[in-house]
Enquirer: 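Handing you this structure, nothing more for now.
All of these numbers come straight from a predicted model, not from anything done at the bench.
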Amino acid sequence: MDNSETVLKCPCCEETFSTEEEKISHIKSEHQYHRLTPQPKIGRKYQRIVGQIENCFIAYRKQNVQVLTVTEIESWFKNNTKAGLAKQRIASLLRRRPQFQMHKKARRINSNEIETWWSYGEIDEEISFQGYSRWVDVETGKTLK
C-alpha cells in the first residue's frame, strides 16, 4: 500500500474513504449519534461531593431558589460540612457534570473576580441579578440588571 492510497474506515459501518473530510461528512450525514470529538469521561470519582452539591440545590429549591451562584454553593458548604470546599473545585465539578446547567458568567468591573450562575437541571424562570449591578456579562460585555 502506498502513502498516497490511505484507506479510512467508518467506525460505525464498513464503508471506506480516501480522505478524512469524506469520512467526517459521511459520519455527520449517516451516523448523527456518533461523536466525532471524544467527550470527557465523567466516571464515578467524587460522587460523594457531587451528591452534596445536589443536596445544596435541593435545600435551596425548598426555599424556591432555582439558580445559585458558586459563592452561594461555597457558603452552603461552609455552613453544612466540616471542611467546606473551594470555589474553583465547586466550579470544576459543576462544569463536568451534565445534571448541572450554567446560565450566566459575569466578571466584576475593574477586577478579575468571576461569578457563574448554575441550576440543577433545566429551568424556565428568569434569573434575578439583584446585587450584581457592578458586574459585566462575559459573553455580551453588558452590565447585569
Enquirer: For Gln99, give me all partners under side-chain hydrogen bond (donor to acceptor under 3.5 Å, both in side chains), at least two apart in sequence or on another chain.
Expert: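 If we apply the side-chain hydrogen bond (donor to acceptor under 3.5 Å, both in side chains) test to Gln99, skipping adjacent residues, the hits are Glu54.
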Enquirer: How many angstroms lie between CD in Gln52 and CD1 in Ile58, if you round to the nearest 0.5 Å?
Expert: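 These two atoms lie 12.0 Å from each other.
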Enquirer: Return the set of residues passing side chain to side chain contact (heavy atoms under 4.5 Å, CB included) with Glu20 (not counting sequence neighbours), or none when no residue passes.
Expert: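 Listed in chain order: Leu8, Lys23, Ile24.
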Enquirer: To the nearest 0.5 Å, what is the distance between CZ (Arg61) and SG (Cys56)?
Expert: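 Between Arg61 CZ and Cys56 SG, I get 11.0 Å after rounding to 0.5 Å.
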Enquirer: Can you sort out the partners of Ser29 under side chain to side chain contact (heavy atoms under 4.5 Å, CB included), two or more places apart, ordered by chain and number?
Expert: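 Here no residue qualifies.
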Enquirer: Does Arg97 make a cation-pi contact with Tyr46 (under 6.0 Å, within 45 degrees of the axis)?
Expert: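 The answer is no, since Arg97 fails at least one limit relative to Tyr46.
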Enquirer: Which residues satisfy the ring pair (Phe, Tyr, Trp, His ring centres under 6.0 Å) test with His26, sequence neighbours excluded?
Expert: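 Scan of His26 (ring pair (Phe, Tyr, Trp, His ring centres under 6.0 Å), adjacent residues dropped) gives Phe17, His31.
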Enquirer: Return the CG to CD1 distance between Leu85 and Ile53, rounded to the nearest 0.5 Å.
Expert: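 Rounded to the nearest 0.5 Å, the CG-CD1 separation comes out at 6.5 Å.
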Enquirer: Using the side chain to side chain contact (heavy atoms under 4.5 Å, CB included) rule, take Glu72 and Trp118 through it: C-alpha gap first, then chi angles, then the decisive distance, then the call.
Expert: CA-CA 10 Å; Glu72 290 171 329; Trp118 295 85; over 6 Å; no
Enquirer: How far apart are the closest heavy atoms of Cys10 and Ile27, and which atoms are they?
Expert: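 Nearest pair, atom of Cys10 first, then Ile27: SG-CG1, 4.2 Å.
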Enquirer: Mind checking side-chain hydrogen bond (donor to acceptor under 3.5 Å, both in side chains) for Ser128 and listing every partner two or more places apart, or none if nothing turns up?
Expert: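 None.
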Enquirer: Using the rule that two of Ile, Leu, Val, Met, Phe, Trp, Tyr join whenever any of their side-chain heavy atoms come within less than 4.5 Å, decide whether Val70 and Val136 are in one cluster.
Expert: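 No, Val70 and Val136 fall in different hydrophobic clusters.
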Enquirer: Calculate, to the nearest 0.5 Å, the distance between atoms CG and NZ belonging to Leu94 and Lys87 respectively.
Expert: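 Leu94 CG to Lys87 NZ: 12.5 Å, rounded to 0.5 Å.
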Enquirer: Compare every heavy atom of Arg107 with every heavy atom of Val138, then report the nearest pair and how far apart it is.
Expert: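 Closest heavy-atom pair between Val138 and Arg107: CG2-N, 4.0 Å.
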Enquirer: Test of understanding: clusters of I, L, V, M, F, W, Y form through side-chain heavy atoms closer than 4.5 Å, transitively. Do Ile114 and Leu93 belong to the same one?
Expert: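 No, no single cluster joins them.
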Enquirer: To the nearest 0.5 Å, what is the distance between CZ on Phe57 and CD on Gln66?
Expert: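 If I round to the nearest 0.5 Å, the distance is 10.0 Å.
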Enquirer: More than 12 heavy atoms of other residues, nucleotides or ligands under 6.0 Å from CG of Asn110: is that the case?
Expert: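 No, because the 6.0 Å sphere around CG of Asn110 holds 12 heavy atoms or fewer from other groups.
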Enquirer: According to salt bridge (charged side-chain N to carboxylate O under 4.0 Å, His left out), who are the partners of Arg108, at least two apart in sequence or on a separate chain?
Expert: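 Expected list: Glu113.
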Enquirer: Which ILVMFWY residues are connected to Val67, directly or by a chain of links, through side-chain heavy atoms under 4.5 Å apart?
Expert: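 Under the 4.5 Å side-chain rule, Val67 groups with Trp117, Ile123, Ile127, Phe129, Tyr132, Trp135, Leu144.
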Enquirer: Please list, chain by chain and in numerical order, all residues satisfying side-chain hydrogen bond (donor to acceptor under 3.5 Å, both in side chains) with Lys9, sequence neighbours excluded.
Expert: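 Here no residue qualifies.
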Enquirer: Rounded to the nearest 0.5 Å, how far does CD of Glu22 lie from OG1 of Thr16?
Expert: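 Result: 9.5 Å between the selected atoms.
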Enquirer: Check whether any side-chain heavy atom of Asn55 lies under 4.5 Å from a side-chain heavy atom of Trp76, and answer yes or no.
Expert: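 Counting from C-beta outward, Asn55 and Trp76 do come under 4.5 Å.
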Enquirer: Quick one: ring pair (Phe, Tyr, Trp, His ring centres under 6.0 Å) partners of Phe77, sequence neighbours excluded?
Expert: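 Checked Phe77 against ring pair (Phe, Tyr, Trp, His ring centres under 6.0 Å); zero matches.
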Enquirer: Considering non-hydrogen atoms only, spot the tightest contact between Gln101 and His103 and give its length.
Expert: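 Heavy atoms of Gln101 and His103 come nearest at O-CD2, 3.4 Å.
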Enquirer: I need the full list of salt bridge (Lys or Arg N to Asp or Glu O under 4.0 Å) pairs touching residues 116-138, with sequence neighbours left out, sorted by first then second residue.
Expert: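 Residue pairs with at least one partner in residues 116-138: Lys104-Asp137.
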Enquirer: Taking only residues two or more places apart in sequence, or in another chain, which ones meet Ser92 in a side-chain hydrogen bond (donor to acceptor under 3.5 Å, both in side chains)?
Expert: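 Only Arg96 meet the side-chain hydrogen bond (donor to acceptor under 3.5 Å, both in side chains) criterion with Ser92.
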